[in-house]
Amino acid sequence: MARFIVRRIGQMLLVLFAVSALTFLIFNVIPGGDPAVRMAGRHPDPGQLARIRAEWGFNDPVYVQYLKTMQKTFTGDLSSYTTNVDVVDELRKRAPRTFALAIGAAIIWMLAATAIGLYTAARAGRFADRSITILALVGISMPVFWVGALMNYYLGFKWGIFPNGGYVPFADDPWEWFYHLIMPWTALSILFIGVYSRVLRSNILDTINEDYVRTARAKGLSERRVMYRHVLRNSLIPIVTLWGLDFGAVLGGGTILTETVFDIQGVGQYAAESIGQLDVPPVLAITLFGSFFIVLLNTVVDILYAAIDPRIRLQ
Amino acid sequence: MATEPATEFALEGPSALQGEPRRRGTAGMGPWRLAFRRLRSNRVAVVFGFVFVVLVAVCLAAPLWADHVAHTDPYKNHLTDTVIVDGEKKDVVTPDGIPIGPTWQGEFFLGADGNGRDTMVRLLYGGRNSLLIGVAAALITTFLSIVVGVLAGFFRGFTDTVLSRTMDVIWAFPVVLLGVALGTALTLSGLQIGPVDISGRSKLIPILIIAIVYVPYMARPIRGQVLSLREKEFVEAARAQGAGSLRIMLSEILPNLSSTVIVFFPLMVANAILLEAALGFLGVGVQPPEASWGTMIGDGVKHILSGPHLAIVPGVMLVVTVLALNIFGDGVRDAFDPRAKIHLEH
C-alpha cells in the first residue's frame, strides 16, 4: 500500500510538471504573444522594449524562463505582466470564493441527485420516472453560462428575489454570503444533478437484483431498511468516486463560466481575465492550482478505492 | 468508467431484449439488425433523432431564409432602418439603442441585435457554425481516439506508456481552461504546422481545440477494450494464419470497436457543441462578424438589459439541439451496448 501511494504521488508530480511546462509553452511559442510589446504600451520605442526584456528576463532561453517562473511561483513572488500584482497573493485572496462555490455546489448536487435517484429508481418505468429522466437530460444539455445569465436577469435583476451577482465574504456577513451564493450554487449544480441522478438510478436498479438484497428481504427486513442499508449504500460507491473526480474538476477550473456570469471574482474568473490579456504568470499559476486539485482528487479516489475494495489490485 | 468489452452484447441479458415483440422472433438475426430493431422500437429516441435531423436541415437552409424571407444577410446592419409591423412603422434600433423584439413576420422574425442585424438570420447561420464545429470536432476526436486507443492497447509496453501518460496530462488540465488558453493563443497567431497554415480566424482552430481536449475521454475506454480484444481467440487465430500487426488491428480489432464508437459519437457531438458554445461565450471560438450559438449567447448576455430575447433565443436552439442528441444518444446506447456504462462529462 505504501509503495502504491508513493508511486501515485510520483506520477502526480510528473503530470503537474508536464502541465505547467505545456502551459508555459502554449503562451511562449506564439508569435503574437511577446509580453514585452504588450507591457510597453501602444507605441514602444526599442530602448524601452530592450529594458523590459532585460528586466523580466525575456531574453533568456525558454527553459530558463520557465525554471525562473516556477521558482518564483513557489517562493511566492511571481508577479503579473500586466498589473504587477503578486499572483500568489491574488490567488490566496480569490481561492476562498472558488472553494465556497465549489463545495456548496458539490453538497447540493450530491444530496439532490441522491434524492432524485432513489425516487426515480423506486418508480422505474412509470410516468414520474420517465418525465424526471427527461428533465435530467434537459439539465445536462443546458450550458451553465446561459442558465446563470438568465437566472441573474430574471431572479436577480427583474424580480429582485436574489442579489444580482457578486460575492460577500462569509466573515463579513454569513447570511449575505449564503444569499449571494444561492443562484451560483444552483446554476453550477444543475448539470451534475442530471448526471448523478441518472447514474445512481441505474446503479440502484442493478443492485436491487443482487442476491444479498434478496437475502435481506427474505430475512424480513423492512423495505425501507433494505433500500437504505443494502441497496443505496452499495449503489453510492461508484457515485462517490465520480464525485471526487468531478469535485476536483470543478475546483480546478470548472467554475470559470459560473464565476464569470455571477461576477464572483474567484480563481476561475481570474483565469478568464488573465488569459484574455495573455498574462502568462497568473495563467500558469492558476493552471497549476487547477491541475493540482484534479490530479490530487484522482489520486485520492484511486487510493481510497483500493483501500475500500480489496478486489482491486494495486499496480 | 467501465471498460468491459462491448462485443458480445447481442443475445445476452434480458434487459437487452425487453420491448422486443416476441411473435416476430429474433432467431437468425445478426447483432446489427437486432440493435437497429431495438433502436427503432424506442420511440422517444427516434423522435429526438428526427428533431436533430430537422434542426440540421433548417440550419442548412439558412441562405434560403435570408434571401427569400428576411431579404438580408447575417452581417448587414440595419441600424437606421425601419420596419413595418402591423401597419405601424418602427425603428429596427431605437435612438437609445434598444433593438426591436420579435416581429413574427419575415423581416426580423426574432427581432434584431444591437447592431440592427436580423436575429433569425444570424441564428440560422450561427447554427451552421455550431453544428459544423460540433460534428467536425467529434469526427476528429473519434479518429484520434481510435488511433491512440488501438495503438496503446495493442502494442502495450512503451507505446502504451507514452500515449497513456500524454492522455493523463491532457486529462489533468481543466477542460475549459485548456480550451480557452489554446483558443486565445491560437486566434492571435494562427497555427503553422509545416506547409499547413491556419489563420487565427479559421473555424479549424476551435474544431481542433475541442477535438484534442476530448480525446482522453474516448481513448481510455477504447484502449481498455483493445486490451481485452487482443487476448481473444480470433486474434490468436489471425496471428497463427500469419497476419501482421497492422492487419490484425485493421481487420480483427477495429470492427469490434464499432459499437463503442457508434455509442460515443452522438454524445461526443453534443459535448463538442456545448464546449464550442462555452468558448464562443468567452470570445475564443468563432470570431466576429461570424456567429455561433455560443457567441450569440455571449452577445445577448452582454446586452441582456436591452432585450433578453437576444440571450434566450440562441440558448433555446442550443439546448434543443444538445437535448435531441443526448436523448437519441441514450437510445443508441441502450440499443447497441445495453450493458456498457459509458459516461461523458464536461
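To find a chain, count down the sequence lines: A is the first, B the second, and so on, and within it residues start at 1. In this text, all values refer to a predicted model and were calculated from it rather than measured experimentally.
Between A:F24 and A:Y66, the gap from one ring centroid to the other is short of 6.0 Å. Ring to ring, B:F264 and B:F336 are not that close: their centroids are 6.0 angstrom or more apart. If you look at A:F289 and A:F292, their ring centroids are not closer than 6.0 Å.
Both the backbone and the side chain of B:L323 come within contact range of chain A, each with at least one heavy atom under 4.5 Å from a heavy atom of that chain. A:I256 touches chain B through its side chain: at least one heavy atom from C-beta onward sits under 4.5 Å away, while N, CA, C and O do not. Interface remark: A:N298 contributes side-chain atoms only to the contact with chain B (heavy atom separation under 4.5 Å). Residue contact with chain A, scored on non-hydrogen atoms closer than 4.5 Å, is absent for B:I273. Proximity to chain B (any heavy atom under 4.5 Å) is restricted, for A:R198, to the side chain, taken from C-beta onward. Using a 4.5 Å cut-off between heavy atoms, A:V19 touches chain B through backbone and side chain atoms alike. Heavy atoms of A:T23 lying under 4.5 Å from chain B belong to its backbone as well as its side chain. Proximity to chain A (any heavy atom under 4.5 Å) is shown, for B:I304, by both the backbone and the side chain.
At a heavy-atom separation below 4.5 angstrom, chain B is approached by A:Y154, A:F157 within residues 154-163 of chain A.
Options B:I327, B:D168, B:T321 differ in how many heavy-atom pairs under 4.5 Å they form with chain A, and the most are formed by B:I327. Highest contact tally toward chain B, considering only A:V261, A:L251, A:L22, is held by A:L22 [criterion: heavy-atom pairs under 4.5 Å]. For the options B:V284, B:L318, B:L305, heavy-atom pairs under 4.5 Å to chain A are most numerous at B:L305. Here A:S141 is the residue among A:G290, A:S141, A:A18 with the most heavy-atom pairs under 4.5 Å with chain B. Each of B:V301, B:I312, B:V180 has some count of heavy-atom pairs under 4.5 Å with chain A, and the biggest count is that of B:I312.
A donor-acceptor pair shorter than 3.5 Å cannot be found between the side chains of A:T207 and A:N234.
Using a 4.0 Å cut-off between charged nitrogen and carboxylate oxygen, B:D160 and B:R165 do not count as a salt-bridge pair. Using a cutoff of 4.0 Å between basic side-chain nitrogens and carboxylate oxygens, B:R333 and B:D330 are scored as salt-bridged.
A:Y196 is linked by a side chain to side chain donor-acceptor pair (under 3.5 Å) to A:D246, counting only residues two or more places apart in sequence or in another chain.
Contact detail for A:V15 and B:V169: the closest heavy-atom pair is CG1-CA, 4.3 Å. When all heavy atoms of A:P282 and A:D279 are compared, the pair lying nearest together is CD-O, 3.2 Å. Of all heavy-atom pairs spanning B:G294 and B:S130, the tightest one is N-OG, 4.5 Å.
Side-chain contact between A:M110 and A:I193 is absent, with no heavy atoms from C-beta onward closer than 4.5 Å.
Under the 30°/60° scheme for interplanar angles, the aromatic rings of A:F293 and A:F99 are found to stand perpendicular.
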